[in-house]
Amino acid sequence: MALHPQLDELIHRVLPVVQDFHHKGMFSPHAATIDAAGAVAGHALTTDGSTQLSVTQAIEHFEQKFSRHASHSVIQGTGIFYHSPGIDTSGGSVSLPPASMTDECRTLVALLEHASGDSVYLLIPYSGQPPEVEYAVGKLIEKPAKIFVLKQSGESKPWWKLL
């Protein structure tokens with residue numbers, strides 16, 4: 001599966017940073033965007049110490065924030081990176097839930113989307129504990145878009161068009 005070149009650039013620029021944090025024992029979600037000029041911007045959440053966000057809440061925050069930027073064509077591509085136990089099929093569908101404890105972390109997941117319509121999971125299984133982590137070859141799997149939701153043609157009709 002070939003990815004849009006901007007998503008490929010985003011992966012090659014951000015994944016080493018995410019892996020470096022992982023080698024240091026940091027498991028927080030990270031995110032990045034790329035604009036039309038190819039500029040990559042990293043995104044992370046910090047709190048004042050009194051507020052705790054779950055990984056799921058952090059992912060939702062990034063998806064909502066990036067959706068607003070995408071709707072105004074500010075960004076062209078996104079990547080949200082988090083750790084997961086791996087693929088879960090127990091609920092009757094396939095999902096990649098975030099790990100709730102570091103002991104469950106076995107897969108680095110990237111939720112990748114582009115304005116061109118590319119929307120994939122990048123799954124990178126790994127073994128070992130920080131700082132000794134070995135990554136396997138990543139796999140791409142198509143996923144439903146959440147950020148760059150393409151508008152259906154014919155959604156809004158001119159006022160003069162007959163129904």
Side-chain angles (χ1 to χ4, degrees), residues 1-22 26-46 53-100 102 104-127 133 135-157:
M1 171 184 300
L3 282 180
H4 190 281
Q6 285 187 319
L7 282 182
D8 195 48
E9 175 69 16
L10 188 143
I11 292 167
H12 283 90
R13 300 234 345 247
V14 178
L15 186 58
V17 174
V18 173
Q19 289 173 327
D20 183 53
F21 278 112
H22 184 203
M26 299 178 193
F27 292 86
S28 298
H30 294 77
T33 56
I34 190 164
D35 65 17
V40 175
H43 302 265
L45 289 177
T46 58
L53 289 178
S54 69
V55 175
T56 300
Q57 290 171 318
I59 292 168
E60 289 170 355
H61 166 80
F62 289 131
E63 287 175 338
Q64 291 170 3
K65 177 180 178 178
F66 296 161
S67 292
R68 286 191 303 273
H69 292 299
S71 70
H72 293 96
S73 300
V74 175
I75 57 174
Q76 293 294 302
T78 63
I80 302 171
F81 299 80
Y82 66 94
H83 296 267
S84 173
I87 297 173
D88 179 15
T89 57
S90 64
S93 65
V94 175
S95 67
L96 291 157
S100 56
T102 57
E104 296 177 346
C105 296
R106 290 187 226 36
T107 305
L108 186 58
V109 177
L111 308 174
L112 302 167
E113 291 193 33
H114 194 270
S116 67
D118 287 355
S119 183
V120 297
Y121 298 105
L122 170 60
L123 307 177
I124 305 172
Y126 59 84
S127 60
V133 179
Y135 299 97
V137 174
K139 296 180 191 308
L140 294 173
I141 301 171
E142 287 187 54
K143 72 172 195 63
K146 286 196 167 185
I147 296 167
F148 293 95
V149 180
L150 300 175
K151 294 178 181 165
Q152 301 296 322
S153 60
E155 243 182 39
S156 76
K157 298 178 178 138

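We use all heavy atoms of the structure for the numbers below, so side chains are in, but hydrogens, waters and symmetry mates are not. All values derive from a computational prediction rather than experimental measurement.
Summarising the geometry, atom CG belonging to L45 is positioned 10.5 Å from atom CD1 belonging to I59; distances are rounded to the nearest 0.5 Å. Remark: S28 OG to H83 NE2 distance equals 8.5 Å, nearest 0.5 Å. Note: H114 NE2 to I147 CD1 = 12.0 Å, rounded to the nearest 0.5 Å. Summarising the geometry, atom CZ belonging to F81 is positioned 7.0 Å from atom CG belonging to L122; distances are rounded to the nearest 0.5 Å. The structure places CD1 of I124 at 5.0 Å from CG of L108, a figure rounded to the nearest 0.5 Å. With rounding to the nearest 0.5 angstrom, the OH atom of Y121 is 6.5 Å from the CG atom of L111.
Between P98 and T56, the shortest heavy-atom distance links the atoms CG-OG1, 3.5 Å. For L123 against P125, the heavy-atom pair with the smallest separation is O-CD, 3.6 Å. A pairwise comparison of heavy atoms in I75 and A70 identifies CG1-N, 3.8 Å as the closest pair. Counting all heavy atoms, side chain and backbone alike, L10 lies closest to A32 at CD1-O, 3.8 Å. Q6 and A36 make their closest contact through NE2-O, 3.6 Å (heavy atoms, listed as atom of the first residue, atom of the second, distance). Of all non-hydrogen atoms in L7 and T78, the two that sit nearest each other are CD2-O, 3.8 Å.
Applying the side chain to side chain contact (heavy atoms under 4.5 Å, CB included) criterion to A44, with sequence neighbours excluded, gives no partner residue. Residues passing the side chain to side chain donor-acceptor pair (under 3.5 Å) test with S90 are D88, sequence neighbours excluded. With sequence neighbours excluded, no residue forms a salt bridge (Lys or Arg N to Asp or Glu O under 4.0 Å) with K65. Here T102 pairs with F27 under the side chain to side chain contact (heavy atoms under 4.5 Å, CB included) rule; sequence neighbours left out.
Sorted by first and then second residue, the pairs that involve residues 30-42 and meet side-chain hydrogen bond (donor to acceptor under 3.5 Å, both in side chains), not counting sequence neighbours, are T33-H43.
A heavy-atom distance below 4.5 Å is found between the side chains of L3 and V120. Two residues are said to be in side-chain contact when any heavy atoms from C-beta on lie closer than 4.5 Å; F66 and I80 meet this criterion. The closest side-chain heavy-atom distance from S84 to P97 is below 4.5 Å. Contact check for K143 versus E113: side-chain heavy atoms found under the 4.5 Å cut-off.
Crowding of F21 atom CZ: a count of heavy atoms from other residues, nucleotides or ligands under 6.0 Å not exceeding 12.
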Pair D118-F148, side chain to side chain contact (heavy atoms under 4.5 Å, CB included): steps then yes or no: CA-CA 9 Å; D118 287 355; F148 293 95; over 6 Å; no
Please table the atom pairs, donor to acceptor, closer than 3.5 Å between any side-chain atom in residues 11-20 and protein atoms at least two apart or in another chain.
from : atom 1 : to  : atom 2 : distance (Å)
H12  : ND1    : D8  : O      : 2.8
H12  : ND1    : D8  : OD1    : 3.4
D20  : OD2    : K24 : NZ     : 3.2

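For H22 and Y135, the gap between ring centers is short of 6.0 Å.
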